[in-house]
2 protein chains.
Amino acid sequence: MQEATCPQERIAMLDTFEALGGKWKLPILRYLSNRPDEQNTFKKMQRELGAISAKVLTQELKELETNQLITRTVLPTKPVMVAYQVTQHGLTVIPLTDQIVQWGLNHRTELR
Amino acid sequence: MQEATCPQERIAMLDTFEALGGKWKLPILRYLSNRPDEQNTFKKMQRELGAISAKVLTQELKELETNQLITRTVLPTKPVMVAYQVTQHGLTVIPLTDQIVQWGLNHRTELR
DNA sequence: GTAAGCGGTAACCGAAAGGAAACTATGGGA
DNA sequence: TCCCATAGTTTCCTTTCGGTTACCGCTTAC
């Protein structure tokens, strides 16, 4: 009897969703990859990303850092600032998000 | 001042998640795309996909049909059977899922 | 008649996700 | 002294997601 679904594929997909799942991780990675040379501080990101709360932003940034997709740097400024940057590994997500965007555009035209 | 995030990209991503989101839609599409010539009936899929409940399977299939990613055919058998097939449009999801699988594999090796 | 297989539907539940508001600690300026 | 800004943390709340169980109508086999 044939295998229902290839288990290692399922596991790989689950790995991806675990690292990139959640409402804001992909937007955050796209945001940071568009601003590789700026001081992407917490408050600046919160202002510019849209309607994300501090709690969720903290959470998503932590998980991205755990998965080595971004780095966190504390700056020696007077009110301490923290800057986030996308890593080399984090940049590998961009082609994937590009394809997600492309599929969404195509899907919309497909439905008329 | 620069745009925080390109709004049309965000919308396209949300479109994709709306059509493909949920625990089982991608596995179902991969399952069906691997069996284009079989009678993929409800019960057979439920048995072979793993731990999916009838309620959720019904739900996911409905949404996939709404988005024209699969077709639903009632067969003229004595106990009525229903067969599902992936559409041409549904097949366009496969390259995307391939990349999701690939990224998951790569991510695992990246973390050692 | 009764049980089994088909393709569902309806009611209920618990867990998780995400958002709002208040709060922390630090330091600078009026 | 009070207020502002930084970067969070904590508590509470609502919504959503997926799963369990029971049930329906239909047909065939025992």
Side-chain angles (χ1 to χ4, degrees), chain A residues 1 4-5 10 13-29 31-32 35 38-67 70-86, chain B residues 4-5 10 13-29 31-32 35 38-67 70-85:
Chain A
M1 186 185 184
T5 36
R10 293 294 295 273
M13 281 183 49
L14 293 176
D15 282 351
T16 302
F17 294 144
E18 201 178 318
L20 304 180
K23 192 171 173 181
W24 293 99
K25 292 209 186 67
L26 296 186
I28 288 171
L29 285 174
Y31 177 94
L32 290 179
R35 295 160 183 76
E38 299 178 32
Q39 302 283 42
N40 301 299
T41 65
F42 185 88
K43 273 288 192 266
K44 179 162 171 274
M45 293 177 67
Q46 192 181 1
R47 277 190 304 263
E48 299 185 357
L49 273 173
I52 187 169
S53 68
K55 177 190 124 186
V56 175
L57 182 53
T58 305
Q59 208 171 263
E60 301 281 59
L61 289 171
K62 257 183 203 155
E63 292 171 17
L64 288 171
E65 199 196 352
T66 298
N67 282 298
I70 63 172
T71 58
R72 194 188 109 110
T73 313
V74 178
L75 303 178
T77 52
K78 278 60 65 88
V80 169
M81 286 193 189
V82 180
Y84 295 90
Q85 275 184 303
V86 66
Chain B
T5 35
R10 293 294 296 273
M13 282 182 48
L14 293 176
D15 282 352
T16 302
F17 294 145
E18 200 178 318
L20 304 179
K23 190 171 174 181
W24 293 99
K25 292 210 186 66
L26 296 186
I28 289 171
L29 285 174
Y31 177 94
L32 291 179
R35 296 160 182 78
E38 300 177 31
Q39 301 283 43
N40 300 300
T41 65
F42 186 88
K43 273 286 193 270
K44 178 161 172 274
M45 292 177 68
Q46 192 182 0
R47 276 191 304 262
E48 299 185 358
L49 273 173
I52 187 170
S53 67
K55 177 190 124 188
V56 175
L57 183 53
T58 305
Q59 207 172 264
E60 301 280 60
L61 290 171
K62 258 184 203 155
E63 292 172 16
L64 288 171
E65 199 196 353
T66 298
N67 282 299
I70 63 173
T71 57
R72 195 187 107 112
T73 313
V74 178
L75 302 178
T77 51
K78 279 60 67 78
V80 169
M81 285 195 192
V82 180
Y84 295 90
Q85 275 184 304

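To find a chain, count down the sequence lines: A is the first, B the second, and so on, and within it residues start at 1.
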Show me the donor-acceptor pairs within less than 3.5 Å that the side chains of residues 13-21 of chain A make with the rest of the protein, sequence neighbours left out.
| residue | atom | partner | partner atom | Å |
| --- | --- | --- | --- | --- |
| A/Asp15 | OD1 | B/Arg108 | NH2 | 3.2 |
| A/Asp15 | OD2 | B/Arg108 | NE | 2.7 |
| A/Asp15 | OD2 | B/Arg108 | NH2 | 3.0 |
| A/Thr16 | OG1 | A/Ala12 | O | 3.1 |
| A/Thr16 | OG1 | B/Ile100 | O | 2.8 |
| A/Thr16 | OG1 | B/Gly104 | N | 3.1 |

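In this structure, CZ of B/Phe42 is placed 14 Å from C1' of D/dC24, rounded to the nearest angstrom. In this structure, A/Gln39 atom CD and D/dA7 atom P are separated by 11 Å, rounded to whole Å. Separating the CD atom of B/Gln46 from the C1' atom of D/dT20 is a distance of 12 Å, rounded to the nearest angstrom. Rounded to an integer number of Å, the gap from CG of A/Leu57 to P of D/dT10 is 16 Å. The distance from atom CE of B/Met81 to atom C1' of C/dA4 is 13 Å, rounded to the nearest whole Å. Counting to the nearest Å, the P atom of D/dA7 and the CG atom of A/Leu75 are 8 Å from each other. If you take CG of B/Leu49 and P of D/dG18, they are 14 Å apart, rounded to a whole angstrom. Between the P atom of D/dT9 and the CG atom of A/Leu61 lies a distance of 11 Å, rounded to the nearest Å.
The minimum heavy-atom distance linking A/Gln39 with A/Lys44 is given by the pair O-CD, 3.9 Å. Pairing each heavy atom of B/Pro27 with each of B/Leu49, the nearest pair is O-CD2, 4.2 Å. The minimum heavy-atom distance between B/Ala54 and B/Gln46, with the atom names listed, is N-NE2, 3.4 Å. Shown here for A/Glu60 and A/Ile28, the closest heavy-atom pair between the two residues is CB-CD1, 3.8 Å.
Dashed line: the shortest gap from a side-chain N or O of B/Arg47 to OP1 or OP2 of C/dG5 is not under 4.0 Å. A sub-4.0 Å separation between OP1 or OP2 of D/dG8 and a side-chain N or O of A/Tyr84 is present.
B/Asn40 pairs in a side chain to side chain contact (heavy atoms under 4.5 Å, CB included) with only one of the listed residues (B/Leu32, B/Val82, B/Thr73, B/Ile70), which is B/Leu32.
From one end of the helix from C/dG1-D/dC30 to C/dA30-D/dT1 to the other, with five pairs defining each end axis, the axis direction shifts by 30° (rounded to 10°).
The CD atom of A/Glu65 sits 8.5 Å away from the CG atom of A/Leu61 when rounded to the nearest 0.5 Å.
Here A/Lys62 lies in heavy-atom contact (under 4.0 Å) with sugar-phosphate atoms only. Among the heavy atoms of the strands lying under 4.0 Å from B/Thr41 are primed sugar atoms or P, OP1, OP2 only; no base atom is included.
Looking at heavy atoms from C-beta onward, B/Glu63 lies in side-chain contact with B/Lys25 at the 4.5 angstrom threshold. A/Tyr31 is not listed as a side-chain neighbour of A/Val86, based on a closest heavy-atom distance of 4.5 Å or more.
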For nucleotides 13-30 of chain C, 5' to 3', base contacts (B), sugar-phosphate-only contacts (S) and non-contacts (-) with protein non-hydrogen atoms under 4.0 Å give -----BBB------SS--

